[in-house]
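I have placed the structure first, in the form of C-alpha cells, so that the comments after it can refer back to it.
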Amino acid sequence: MGNFYESLLNNNIGRNLLKTVGLPTPIELKRYNAGQAHYFSGRVLIGTSKQGELLNDIMRNLKAADARVCFPANAHTAAEIIEAANAHQLSIHAIEASQLSSEKFDALVFDASGFQHATDLDQLYTFFHPALRQLSNNGRVITLGRPPLKASHGEQAAAMRALEGFSRSVAKEVGKKSATSQAIYVDADAGHNLDAAFRFVMSAKSAYVDGQVISVQQAETVEYPDWHQPLSGKTALVTGASRGIGESIARTLARDGARVIGLDIPAAEADLGRVMTDIGGEVLLADIASTQAPQIISDTLKQHGGADILVHNAGITRDKTLANMPQHWWQMTIDINLAAEERINQTLFEQKTINPGGRIVCVSSMNGIAGQVGQTNYATSKAGVIGYVQYMAAELAQQNITINAVAPGFIETAMTDAIPLMTREVGRRLNSLSQGGQPVDVAETIAFFANPASSGINGNVIRVCGQSLVGA
Ligand code: NAP
C-alpha cells in the first residue's frame with residue numbers, strides 16, 4: 001500500500017479524516033501467505049436447498065481445509081447436511097438461531113443446485129439474512145448452482161440465473177469488509193471438477209476477484225495437487241514477462257513450482273534477465289508481432305518438451321480518441337494484443353507444442369468489456385481476445401486443452417502510477433473493495449486457470465477488478 005491515500009488509512013487521525021469527508025476507508029486485503037498450511041482456515045456456515053446435489057463436493061473440499069463447519073440448527077435440510085459431512089468424516093456443529101448473532105463466520109456457502117422455481121429463492125433469504133452481518137473481514141460468500149441455460153425448464157433457468165444477481169449484490173454489500181462473493185455454476189456430472197474453483201474462491205489467492213461467476217464443466221478428474229506447489233513439473237511460457245503484470249505472473253507460476261520461460265522484446269533484455277535469474281527461468285527475446293515469432297516460440301518449447309502453460313500477457317496501449325487516432329496506432333494495437341496471439345497459437349497447435357492437459361490463458365481487460373474513451377483500438381483488441389477464448393474453448397476441449405481469460409481492472413503498476421492523482425484515486429476506489437489490485441492478484445487468477453485440477457474450467461472470463469463499478 002504505497003500511496004498517499006493508504007498512508008492516511010494507516011493512522012487513526014487519517015482514517016477519521018477520510019470518514020469525515022465521506023471517502024472510503026478500505027480494509028487491507030489478505031493475500032496468499034506461504035506460511036498458511038491450508039487453502040482456507042476458519043469457520044464456515046453451510047446451507048443447502050432441498051435436493052442440493054453439490055453438498056458432497058463441498059464437504060470433500062472442506063475436509064481438505066482447516067475448516068470448522070457449522071449449519072443453522074433450524075435448517076429444513078439439516079439431515080442432508082449432517083449426512084454429507086459424515087460421509088467425509090467431517091465434524092459439524094449445529095448453531096441455534098438464537099446464537100447466530102453472537103457468532104462470526106469466515107465463509108458462508110450455499111448449495112442452490114436443487115432450486116426449481118422462483119419460490120425456492122426464499123431459501124437464500126432464510127440462510128443469508130441472519131448470517132451476513134456475522135461475516136468476518138476478508139470473509140467469503142459462495143453460492144453454487146447449475147448453469148441457467150442448461151436447465152430443464154424456464155422456471156429453473158430463472159432461479160439459477162437469479163443466483164448471479166444475488167451474488168453480485170451481496171458482493172457490493174460485503175465489500176466494505178474486504179469480503180467477496182462469487183457464484184459458481186457447476187454442470188451436471190461436473191461436481192468432481194469443482195475443487196480448483198472452490199478452493200480458489202475460498203482462499204486468499206482470490207483476494208481481488210469479486211462479484212464473479214465461474215463455470216465448471218465436466219472434464220477429466222484431476223486430484224487437487226499440493227496447495228503451495230500446484231504447478232510442480234510444469235513448463236510455462238509467459239509473454240511480456242520483464243515487468244508489470246507479466247513479471248508477477250512469471251514469479252507466481254515459478255513460486256507454484258513451474259519452470260518458466262519468460263519472453264519479451266529484445267530492448268527489455270536486462271529487466272527480463274533480472275527476473276528470470278531470480279526465479280531460475282529462461283530468457284526468450286522476441287517481438288510477438290514479428291513473422292518469425294510463432295516459429296521461434298514453437299522451437300523453444302520443443303526443446304523443453306512442449307508447453308503445459310501458455311500465458312499471452314504482452315500488450316500495448318496507444319490511446320487517442322478514434323477521430324484523432326493515426327491508422328498505424330490502430331493496426332499496431334490490434335496486431336500485438338490480438339492477432340499475434342492467434343498466429344502464435346495456430347503454429348503451436350499445428351506443431352503440437354502445447355502438451356495434452358495444456359492451459360492457455362489470455363490477458364484481456366475490463367476496458368474490453370466496458371469500453372473506454374480514447375481506447376477504441378485497445379478495447380476492440382481486448383474484446384476480441386474474449387471472443388477468441390470463448391469460441392476456442394469447445395474446440396480445444398477435444399484435445400484436453402483449456403483456454404480462459406482474465407480481465408484486469410485497476411491494477412497498481414507503473415502504468416497506473418502515471419495517471420494524474422485525482423483521476424487515479426477515482427479509478428482506484430470505484431469498486432466494491434474501494435482499492436486497487438496488485439499485479440499478483442491477476443497472476444493468482446492465471447495460476448488458478450493453469451492448475452492441473454482446473455480441467456473443467458474452460459472458456460471462462462474472470463475479471464480481476466474488485467467488482468469495479470465500470471462495465472459490471
Ligand atoms: P506493461 O508494464 O507495459 O508490460 C507489458 C510487457 O509486454 C512489456 O514488457 C512490453 O515491452 C511487452 N511487450 C509489448 N509489446 C510486445 C511485443 N510485441 N512482443 C513482446 N513483448 C511485448 O503492461 P502491464 O500493465 O503489465 O499489462 C500487462 C497486460 O495486462 C497487458 O496485456 C495489458 O493490456 C493488460 N492489462 C493491464 C492493466 C493494468 O491496470 N496495468 C489493466 C487491464 C489489462 P515494452 O513495453 O518494453 O515494449
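Keep in mind the model is a prediction, meaning the values are calculated, not measured. Counting starts at 1 for both ligands and their atoms, in listed order. Computation of the quantities below employed the complete heavy-atom set of this structure, encompassing side-chain atoms and omitting hydrogens, waters and symmetry-equivalent molecules.
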Mode of Thr413 contact toward ligand 1 - side chain, backbone, both, neither (heavy atoms, under 4.0 Å): side chain

For atom 5 (C) of ligand 1, what is the closest protein heavy atom, and at what distance to 0.1 Å? Gly315 O, 4.0 Å

for atom 45 (P) of ligand 1, nearest protein heavy atom and its distance come out as Ile265 CD1, 3.7 Å

From CA spacing to verdict: side-chain hydrogen bond (donor to acceptor under 3.5 Å, both in side chains), Arg259, Thr235: CA-CA 5 Å; Arg259 182 172 48 154; Thr235 298; 2.8 Å; yes

Main-chain N/O of Ala314 paired to Thr239 side chain as donor or acceptor, under 3.5 Å: yes

May I ask which of Val238, Asn313, Asn337 has a heavy atom nearer to atom 28 (C) of ligand 1 than the others do? Asn313

Enumerate the atoms of ligand 1 whose separation from the nearest heavy atom of Ser364 is less than 4.0 angstrom. 44 (C)

Part of Ala293 with heavy atoms under 4.0 Å of ligand 1, whether side chain, backbone, both or neither: neither

Does ligand 1 have a heavy atom under 4.0 Å from the side chain of Pro408, from its backbone, from both, or from neither? both

Tell me yes or no: between the side chains of Ser136 and Asp106, is some donor less than 3.5 Å from an acceptor? yes

Among all protein heavy atoms in this structure, tell me which lies nearest to atom 39 (C) of ligand 1, with the distance rounded to 0.1 Å. Met415 CE, 3.5 Å

Hey, does the side chain of Arg463 reach the backbone of Gln212 with a donor-acceptor pair shorter than 3.5 angstrom? no

Among all protein heavy atoms in this structure, tell me which lies nearest to atom 44 (C) of ligand 1, with the distance rounded to 0.1 Å. Tyr378 OH, 3.2 Å

Mind telling me whether Phe200 and Phe448 have parallel, tilted or perpendicular rings, with 30° and 60° as the class edges? parallel

Quick check: Val363 and ligand 1, any N/O pair under 3.5 Å apart? no

May I ask you to check whether over 12 heavy atoms, not counting those of Arg31, lie within 6.0 Å of atom CZ? yes

With a 4.0 Å heavy-atom cut-off (strictly under), which part of Ala414 contacts ligand 1: side chain, backbone, both or neither? neither

Quick one: which of Arg424, Gln438, Arg428 gives a side-chain hydrogen bond (donor to acceptor under 3.5 Å, both in side chains) with Glu412? Arg428

For Ala241, state whether at least one heavy atom is located under 4.0 Å from any atom of ligand 1. no

Indicate yes or no for a side-chain donor-acceptor contact from Asn377 to the backbone of Ser381 under 3.5 Å, with no hydrogens or angles considered. no

Heavy atom of Ser290 under 4.0 Å from ligand 1? no

Please confirm whether Ser242 comes under 4.0 Å of ligand 1, counting heavy atoms of the residue only. yes

Quick one: nearest non-hydrogen protein atom to atom 11 (O) of ligand 1, plus distance? Asp264 OD1, 3.2 Å

N/O donor-acceptor pair under 3.5 Å between Asp57 side chain and Asn193 backbone: no

Is Asp287 in polar range of ligand 1, meaning some N or O pair under 3.5 Å apart? yes

Any donor-acceptor N or O pair under 3.5 Å, side chains Asn458, Gln217: no

Atom NZ of Lys104 with >12 non-hydrogen neighbours under 6.0 angstrom: yes

Geometry only, no angles: is Ile288 polar-contacting ligand 1 at N/O separations under 3.5 Å? yes

Identity and separation of the nearest protein heavy atom to atom 26 (O) of ligand 1: Ile245 N, 2.8 Å

Decide whether an N or O pair under 3.5 Å exists between Arg243 and ligand 1. yes

Numbered atoms and elements of ligand 1 in range of Gly240, under 4.0 angstrom, heavy atoms: 6 (C), 7 (O), 12 (C)

Mode of Met366 contact toward ligand 1 - side chain, backbone, both, neither (heavy atoms, under 4.0 Å): neither

State, without any angle test, whether Ser113 and Asp111 hold a side-chain donor-acceptor pair at a distance under 3.5 Å. yes

For Ser365 and ligand 1, does the shortest N/O to N/O distance drop below 3.5 Å? no

Protein contact to atom 15 (N) of ligand 1 [nearest heavy atom, distance to 0.1 Å]: Ile316 CG2, 3.6 Å

When you measure from the centre of the six-membered ring of Phe40, is the NZ or CZ of Arg140 closer than 6.0 Å and no more than 45° off the axis? no

Go through ligand 1 atom by atom and flag the ones less than 4.0 Å from a non-hydrogen atom of Gly409. 40 (O), 42 (C)

Identify the closest protein heavy atom to atom 13 (N) of ligand 1: which residue and atom is it, and at what distance? Ala314 CB, 3.9 Å

Polar contact flag, side-chain donor to acceptor under 3.5 angstrom, Lys382-Gln375: no

